[in-house]
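Written out below as structure tokens is the structure these notes cover.
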Protein chains: 2
Amino acid sequence: MKKDPAPDSFDLALLDALQQDNSLPLRELAGRVHLSTASVQRRIQQLKKSGYIQANTAVVDPEKLGQVITLAVEVRVDRTQTADMVQLRQAFSGPEIQQCYSITGDADFLLVLTVANMSVFQQLAQRLFHDNPNVKWFRTLVVLERIKTTLHVPIDTGTP
Amino acid sequence: MKKDPAPDSFDLALLDALQQDNSLPLRELAGRVHLSTASVQRRIQQLKKSGYIQANTAVVDPEKLGQVITLAVEVRVDRTQTADMVQLRQAFSGPEIQQCYSITGDADFLLVLTVANMSVFQQLAQRLFHDNPNVKWFRTLVVLERIKTTLHVPIDTGTP
DNA sequence: GATGAAACGCAACCGAC
DNA sequence: GTCGGTTGCGTTTCATC
């Protein structure tokens, strides 16, 4: 088991650029960080291999696809033992769920999801919450505006 | 002003594939949706131009970069008139904030963010919340586990 | 070990059909 | 939507430090 070297400032600058736009040509990136295209390419491959870059994804506009309603749902359950958590994690990881966090506080889970209309959500709530005997209660927060929706990790490149 | 044609099942299948992995070669995508590479290429360009694809981003692992703590914060403010909202939206859209939603319910905003340690968050909370006279209260939910963290829009391709 | 310059081969792109 | 030609890209090589 070999350990990955810690990313230097070049790597951090690349990560910062790529999480804004991973379709930039190597030439462009090379110019920004003042390295050759070959070096940039090697570093990106290494960052992928070592897990710093988890995926390369297209960000799709939900509204364009009719998913005009965004909801946040706080869920409180009865039991959170291992077997229960396995079931809950699976139940809350379906494709209709954008994000799922287990949290501290009154609620045990925080979900974020988008739906085309409320009747879709009603059916989903029936299946995920009402039909699950382990769910004690859930509170639905309707999103009025998606002010910022990224997964960007703040990276201090030293040169802003 | 010309209107974009509604995406057909081919486009939906492409969007679904691309939001999982946008580094797939056209050849691969063409095989999946049973089209030629040229058609796929034209469709992707069109999807970008018409805004269905908002961005192409690398997903960076926060933990690998020392951002080991994820937090959700509910924020309640006093005034939400236009001028106030402008200020709040800007305040809650900084690079340290991953996501910001304005919501219904007890709280007015829901934030999601990652930090390296709690003292960083403490400073952030001071600046964003305590120092903002418009913030009535905020409730911090500590994330125990990031069970699912995507921006994927659920797409019914008809062929799962 | 990592780098940069230049060669290679393949994929994306853009017309014509 | 399909077919080729061309461009431009990512990739590999290799000499260098």
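Model, not experiment: these values are computed from the prediction. By convention in this document, chain letters (A, B, ...) are assigned in the order of the sequence lines, proteins followed by strands, and residues within each chain are numbered from 1.
Ion pairing between B/Asp8 and B/Arg43 holds under the 4.0 Å rule for side-chain N and carboxylate O. Under a 4.0 Å N-O distance rule, the pair B/Glu145/A/Arg89 qualifies as a salt bridge.
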Practice problem: Report the C-alpha distance between B/Leu71 and B/Phe121 in whole Å, list the side-chain angles of each, state the deciding distance to 0.1 Å, and finish with yes or no for side-chain contact (heavy atoms from CB on, under 4.5 Å). | Solution: CA-CA 9 Å; B/Leu71 302 167; B/Phe121 177 66; 3.3 Å; yes
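Put simply, the side chain of A/Lys64 never gets that close to the backbone of B/Gln54: no donor and acceptor are under 3.5 Å apart.
A heavy atom lying under 4.0 Å from DNA chain D marks none of the residues of residues 7-22 of chain B.
Distance B/Ile44 CD1 to C/dC14 C1': 16 Å, rounded to the nearest Å. In this structure, A/Gln46 places its CD atom 11 Å from P of C/dT3, rounding to the nearest Å. Between the C1' atom of C/dC14 and the CZ atom of B/Arg43 lies a distance of 18 Å, rounded to the nearest Å.
Between B/Phe10 and B/His34, the gap from one ring centroid to the other reaches at least 6.0 Å.
In B/Asp21, the CG atom is crowded: over 12 heavy atoms of neighbouring residues, nucleotides or ligands sit closer than 6.0 Å.
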Practice problem: Assign a letter to each nucleotide of nucleotides 2-17 of chain D from its 5' end: B, base within under 4.0 Å of a protein heavy atom; S, sugar-phosphate only; -, no contact. | Solution: BB-----SSBB-----
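Contact annotation: the side chain of B/Leu18 approaches that of B/Leu29 to within less than 4.5 Å [non-hydrogen atoms, C-beta and beyond].
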